[in-house]
2 protein chains.
Amino acid sequence: MPEQSPGSRPTLEAVAARAGVSRATASRVVNGGAGVRQPLVDKVLRAVDELGYVPNHAARTLVTRRTGAVAVIIAEPEIRIFSDPFFSQQIRGISKELTAHDTQLVLLLLEGPGDFGRIARYLAGGHVDGALAFSLHIDDPLPAIIRRSGTPTVYGGRPSWTSAPGDQGVPYVDADNRGGARAAVQYLRDLGRERIAHIAGPPDQTSSTDRLDGYRDVLLDADPSLITEGEFTVDSGARAMRELLDRRPDLDAVFAANDLMASGALRVLRERGISVPGEVALVGFDDMESIAEDTDPPLTTIRQDVEGQGRLMARLLLRGLDKDSAEARSPASVITPTTLVRRASA
Amino acid sequence: MPEQSPGSRPTLEAVAARAGVSRATASRVVNGGAGVRQPLVDKVLRAVDELGYVPNHAARTLVTRRTGAVAVIIAEPEIRIFSDPFFSQQIRGISKELTAHDTQLVLLLLEGPGDFGRIARYLAGGHVDGALAFSLHIDDPLPAIIRRSGTPTVYGGRPSWTSAPGDQGVPYVDADNRGGARAAVQYLRDLGRERIAHIAGPPDQTSSTDRLDGYRDVLLDADPSLITEGEFTVDSGARAMRELLDRRPDLDAVFAANDLMASGALRVLRERGISVPGEVALVGFDDMESIAEDTDPPLTTIRQDVEGQGRLMARLLLRGLDKDSAEARSPASVITPTTLVRRASA
DNA sequence: GTGAAAGCGCTAACAA
DNA sequence: TTGTTAGCGCTTTCAC
C-alpha cells in the first residue's frame, strides 16, 4: 500500500480514470462487483491496488444512510463492571461479532446524570446504526432515551421493565438465570440437603430476582430466614453468610447468586471451622474464570457463556439492521442455556 | 425534542427556511454563530429547537475532513487488561476527556495477528482523526502500521522502542516509573534496611525495566541474587518471594514492581511466619484500589494517577489535532509524577 | 453581516 | 452490462 501524502487520498474518480471505466462501474466493483464483466473487475481492482484507494466513509454514509458503526452504551452504575471479567468477556464477544461484519464499536460511557443529554443527541444524530446496552436498573432513564431516538437496540440482560423472561418487544440476550438457579438448588437437594439457604443479589437487578425465583421454584416453601441479600461482591457475600449462620446455624447448604459472593461465604465458613462440602455444601453462579477454580475447595457453580452472549447481542442487532433479511425490525430475545459445573464445594 | 419519523430528519435547509435565512447563515449559527447578528442567531436557534434539528455528521465530515472520533487501540496481548482496574481507569479518563471535547471513542480490539490488516485499513480509511494505543511489547507490528497510516497517535506507557524516557518524537504518557521506584527504595533505605530485594516485572515491558532501573539507581551495587522476576500477577509474586527467601534468607526488605506481586509476596511472608514490616519491610507500586488497602498489613506503595494519565493521553492527542493551536503536529510526551503512600507494610 | 453557489466523494436511478 | 446524472447535507469561498 503506497504511503499517502496527507490530506489527499485518491478518490473513486481517480480509480475510474485509471481503470478506464466510469465512476459507477468502479463503485460497483468496490462494492462487490456484482454484474460487472470480469475484465473490467480486474482492471478496477488493479487500479484500486495501485492507487491504494480506500473508500471515503463519510461520503458513503451520506448517501447510504448507514454508518457501519454500533454504539455500546454503558450506564454509570455499570461503569465499574469494566473491571469485571464478566463485562470484558461480553465486550470481547461483541467486538468479535461486529468485526466479522465490518462494523465499528463506538463506546459510550455515561459518567453522570448530565450525560444523558449527550447520549440522546448522539443517538439522534444518527452516528450509529444501532446500539447495545446493558441490563439496567429500575427507573433508568436510558431506555426511554433510546426508544425516543428510534435507535434499534439490543439489551444485555433482561431489562427490569419486562415483566417476565421472553416478554415484550424489547430484544435482549440473557442467561437462563431462573433455570440455572433451579438446577443449582435441585442439585443440592438431590445431594440430600434439607436446609438450603440463598444469598441473593441486589433486588433491583433482574439477574438477582430471576435467580431468586429459580430458588423458589424448587423450594416453594422456603423459609424466609434462609434468604439473605448481598451486592454481588466478595465482602457482601461474607457478611450475608455470617447473617445466615447466626440466624440458621442448622443450614446444610448455600446457593449464592454469584461466585464472588460464594467465595466470600466460603471464607466465613472456613473461619468458623465449618467444613465444605461436608457440613455445608455450596454452589455459586457464573463460573467466573479467576474465581471459581481458585477457591479452596473449588466452586461447584452454574456456568453461562458470557462471550457467547456478547456475540449474540451483536448478531441480533446486526440481523435486525439488515433490511434484506426477512426478520422483523425487532429480533426476538434469546435466553442462553446454563450448565452445572461440578467441582468440590458441593 | 420532537419524535422523529424514522428516516427523515430535518436538514439545515429546513432550519434555514423556518428561520427565514439562508443555509449559510443557519450553518454559521449552528457552528457557534460567530459573525451573525443576534436577532438572526435567535431565530435560527429557535428553528433548530422547534424542528429538533441535529446536524448530519457524515455530511459535515465529508466537507470538513474531520470525523470527531478517536480510536482506542488495544493489542491482543493487552486484551486481558480489560479486566484490569488499571486499564478501566485509563479508559475512563480517556472517555471523560474525549467527551468534554465532543469526540467519540471508537474501540479497536485486536483479537489476533490477522487483525492487523483490518486495523491498517481502518486507520487508512480516515474513519478517525487520531488514535490512542497502549504500551506495546517489543517487536509489536502495530506502531509501524500506525505510522504508515499517518494517523496522529499518542501512546500510553513508554513504547519499548524509545530508548530512554523523554526520548524520540513519539508522544506518550507514562508515570515516572523510574523516579517512583527510586523513591520506594530510598524510603526503605532510610528506614535502615540494608538488604533490599526487588521483584521485577516482565522484562519486555518498559514499566518493568524502568522500575528496575530506579531500584538500581539507589542500589548501584545491588547483588543480583536480590533480584527476581515475576509477571505482574499475585501468583508470580508469591513464587518470586519464595525464590528470594530461599536464596537470601537474610533479606530485610522487598520492593515489588506492582501491588499484585506485592500481595503475593505478602502471602508467602505470612505463610513463613515472617513479620511485616518487622522483619521484612515491603513496598509495592501502583496503589491499586482494591489491593493495596485491603492487604494485611495494608501496603505502602507508589501511587500513580491512572485516570489522569488517560485524560492526558486524550488531551495531548486532541491538542495535536487542533490545527489552530500553535503546537507542533507531534505534541511532546508527558511523564506524570508518582507519590509514596505510607501504609503499614513499610 | 448575509446569501448564492460550488463542491466534498460517493451511490443509485435511469438510460443507453 | 455500462455510463450519465442527480443528489445525500453540509461548509465555505466569494460576491454583495
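Please read these numbers as outputs of a predicted model, since none were measured by experiment. These values consider heavy atoms only, across backbone and side chains, with no hydrogens, waters or symmetry-generated copies.
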Base, sugar-phosphate, or nothing for B:V30, non-hydrogen atoms under 4.0 angstrom? nothing

Please report, rounded to the nearest Å, how far the P atom of C:dC10 is from the CG atom of A:L12. 5 Å

Can a side chain N or O of B:T11 be found less than 4.0 Å away from OP1 or OP2 on D:dG9? no

Exactly one of A:V29, A:T25, A:V30, A:N31 clears side chain to side chain contact (heavy atoms under 4.5 Å, CB included) with A:S27, and that residue is A:N31

B:V63 vs B:Q38, nearer the 5' end of DNA chain C by closest nucleotide: B:Q38

To the nearest Å, how far apart are A:H57 NE2 and C:dC8 P? 20 Å

Interatomic distance, A:R66 CZ vs C:dC10 P [rounded to whole Å]: 19 Å

Distance check: side-chain N/O of B:N56 vs OP1/OP2 of D:dC8, anything under 4.0 Å? no

With no hydrogens and no angle check, just 3.5 Å: does a side-chain donor-acceptor pair link B:S95 and A:E111? yes

B:I73 and side chain to side chain contact (heavy atoms under 4.5 Å, CB included): which single residue from B:I146, B:I145, B:L132 fits? B:I146

Got B:Q104 and B:L98 here, is their nearest side-chain heavy-atom distance under 4.5 Å? no

If the cut-off is 4.0 Å, is B:T25 near the phosphate of C:dG3, judged by side-chain N/O to OP1 or OP2? yes

Which one, D:dG7, D:dG3, C:dG3, comes nearest to the side chain of B:S22? C:dG3

Does a side-chain N or O from A:R60 land closer than 4.0 Å to OP1 or OP2 of D:dC8, or not? no

How many Å lie between CZ on B:R65 and C1' on D:dT11, as a whole number? 12 Å

Atom-to-atom span, CZ of B:R23 to P of C:dC8 - whole angstrom: 15 Å

Charged N-O contact under 4.0 Å between B:R118 and B:D115: yes

At less than 4.0 Å, is any side-chain N or O atom of A:S27 found next to OP1 or OP2 of C:dT11? Yes or no. yes

Map A:A24 and B:A59 onto DNA chain D by nearest heavy atom, then report which one ends up closer to the 5' terminus. A:A24

Whole angstrom is fine here: how far is it from CD in B:E13 over to C1' in D:dG9? 9 Å

Between B:L62 (CG) and D:dT11 (P), how many Å, whole number? 11 Å

Does A:R37 place a side-chain N or O at less than 4.0 Å from the phosphate oxygens OP1/OP2 of D:dT1? no

Taking OP1 and OP2 of C:dA12, is either one under 4.0 Å from a side-chain nitrogen or oxygen of A:R28? no

